[in-house]
Amino acid sequence: MYSSVSQLARTNPFNAPHFQLVQDSVTSRKSNVPQAKPSRQLAAAAVQDEEYSCAYGSAKFFALCGFGGIVSCGTTHTAVVPLDLVKCRIQVDPQKYKSIFNGFSITIKEDGVRGLAKGWAPTFIGYSMQGLCKFGFYEVFKILYSNMLGEENTYMWRTSLYLAASASAEFFADIALAPMEAAKVRIQTQPGYANTLRQAAPKMFAEEGIWAFYKGVVPLWMRQIPYTMMKFACFERTVEALYKHVVPKPRNECSKSEQLVVTFVAGYIAGVFCAIVSHPADSVVSVLNKEKGSTAVEVLKRLGPKGVWKGLTARIIMIGTLTALQWFIYDSVKVYFRLPRPPPPEMPESLKKKLGLTQ
């Protein structure tokens, strides 16, 4: 079994070219070098310890990570519904809603303050389900792919690992999100169509059938998969960089509060990049869910290069804050339930010896 896993690690698409270059040079002395036990994997604390409530990678661990995703995504997205509503209206009707402040002003004038909360129910349900899959499956795929790669390649190709695990998780998360996202956009961008989810869902089904809820899933993948890949990979590498270059002491010497501050800062930095990467597809999704019979390609052609960037400022503010809060809440849930929280990865001792970085 070990040999088959080793062979898979050598032939997988994440295989490290630098490792291949140095492999031959160390083969001759490999037999003379005692093999040290790996001090840690990318996912440290792989065995249960007294300070943790469960073992890393156990069913309870994945379940509580999924719960953390529900809490972090459901609450944060619902909290910024007013800003999301104005952003969507700027995207689908830029002639009427010319800016963020103008959008808020017109919305309050026409619908009152309560009008800013339109779409809160599908937002809460949809993004709770998305958070469950996004964070829960990310942990699952990260461990799965890490085991396939082996300890050394996991370290050398960790960014690719984060990208692959997050993309895999988001694929399923968007299927869970799509129906509620479609209903939310209808409620927020079509005045008089429906004011609640209970009104919108039956009406949409009567008009277009089940397709009404899933016609936006492909552009949703186009928006959310790059967004999530950036969200997780940028966050993981930013945390690593902050502890290495900014925080004046090692992570294990930081208090839980100090660690959560680092989490929040890294989350905000990742959020800004997320918003920029995914905004064009977000514009297409907003218009597509508003209109009947349109396709993603038709909407993209009609919006043009400039139109797809409408509402970017509002989205940067929203997504930056959102991402920072999501990571902060998710990490806080892990702290509360005493889940294993691996420190930033370090180069395995065995790899250091193979690369001649240690005696």
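The analysis underlying the following values was restricted to heavy atoms, covering all of them including side chains, and did not include hydrogens, waters or symmetry mates. This one's a predicted model, so the numbers in the text were calculated from it and none came from an experiment. FYI, the numbering just counts along the sequence from 1.
Between the side chain of S53 and the backbone N or O of F337, at least one donor-acceptor pair lies under 3.5 Å. Side-chain atoms of Q188 come within 3.5 Å of backbone atoms of K118 as a donor-acceptor pair (strictly under, hydrogens ignored). A donor-acceptor pair is defined here as one N or O able to donate and one able to accept, closer than 3.5 Å; no such pair exists between the side chain of D93 and the backbone of R89. Checking side-chain atoms of S332 against main-chain N and O of F328 turns up a donor-acceptor pair under 3.5 Å.
Here the CG-NZ distance, from L161 to K142, works out to 7.5 Å after rounding to the nearest 0.5 Å. In this structure, the separation between CG on N102 and CD1 on I90 is 8.0 Å, given to the nearest 0.5 Å. Atoms OG1 and NZ, from T189 and K184 in turn, are 8.5 Å apart once rounded to the nearest 0.5 Å. Considering OG1 of T323 and CZ of F235, their distance stands at 10.5 Å, rounded to 0.5 Å. To the nearest 0.5 Å, atoms OG1 (T76) and CD1 (I319) are separated by 9.0 Å. Here the SG atom belonging to C54 is positioned 9.5 Å from the CZ atom belonging to F62, to the nearest 0.5 angstrom.
Side-chain N/O atoms of Y193 and Q199 include no donor and acceptor closer than 3.5 Å. Y138 and T228 form no side-chain donor-acceptor contact under 3.5 Å, judged by distance and modelled atom types alone.
Relative ring orientation between F172 and F141 is described as parallel, the plane-to-plane angle staying below 30° on a 0-90° scale split at 30° and 60°.
A continuous path of ILVMFWY side-chain contacts below 4.5 Å connects I269 to Y330, so both sit in one hydrophobic cluster. Under the 4.5 Å side-chain heavy-atom criterion for grouping Ile, Leu, Val, Met, Phe, Trp and Tyr, L149 is connected to L163 within one hydrophobic cluster. Two different hydrophobic clusters hold M204 and M180 under the rule that ILVMFWY side chains link at heavy-atom gaps under 4.5 Å. Hydrophobic clustering, with ILVMFWY side chains joined whenever heavy atoms are under 4.5 angstrom apart, keeps L177 apart from I125.
A salt bridge (charged side-chain N to carboxylate O under 4.0 Å, His left out) with R158 is found for exactly one of E240, E152, E151, namely E240. A side-chain hydrogen bond (donor to acceptor under 3.5 Å, both in side chains) with D331 is found for one member of Q326, R341, K256, Q259 and no other, namely R341.
Proximity of L355 to M347: side-chain heavy atoms (C-beta onward) are separated by under 4.5 Å at one or more points.
Note: F264 and W327 fail the aromatic proximity criterion, with ring centroids not under 6.0 Å apart. With ring centers used as reference points, F135 lies under 6.0 Å from F232.
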Next item on the list: Would you check, one step at a time, whether the test side-chain contact (heavy atoms from CB on, under 4.5 Å) holds for L64 with Y336?
Entry: CA-CA 11 Å; L64 289 175; Y336 179 80; over 6 Å; no
Margin query: Please determine whether side-chain contact (heavy atoms from CB on, under 4.5 Å) holds for the pair C65 and L339, giving the CA-CA distance in whole Å, both sets of side-chain angles, and the decisive distance to 0.1 Å.
Written below: CA-CA 9 Å; C65 285; L339 298 183; 4.3 Å; yes
Item checked: Worked verdict on L83 versus K87 for side-chain contact (heavy atoms from CB on, under 4.5 Å) -> CA-CA 6 Å; L83 185 59; K87 182 266 299 179; 5.6 Å; no
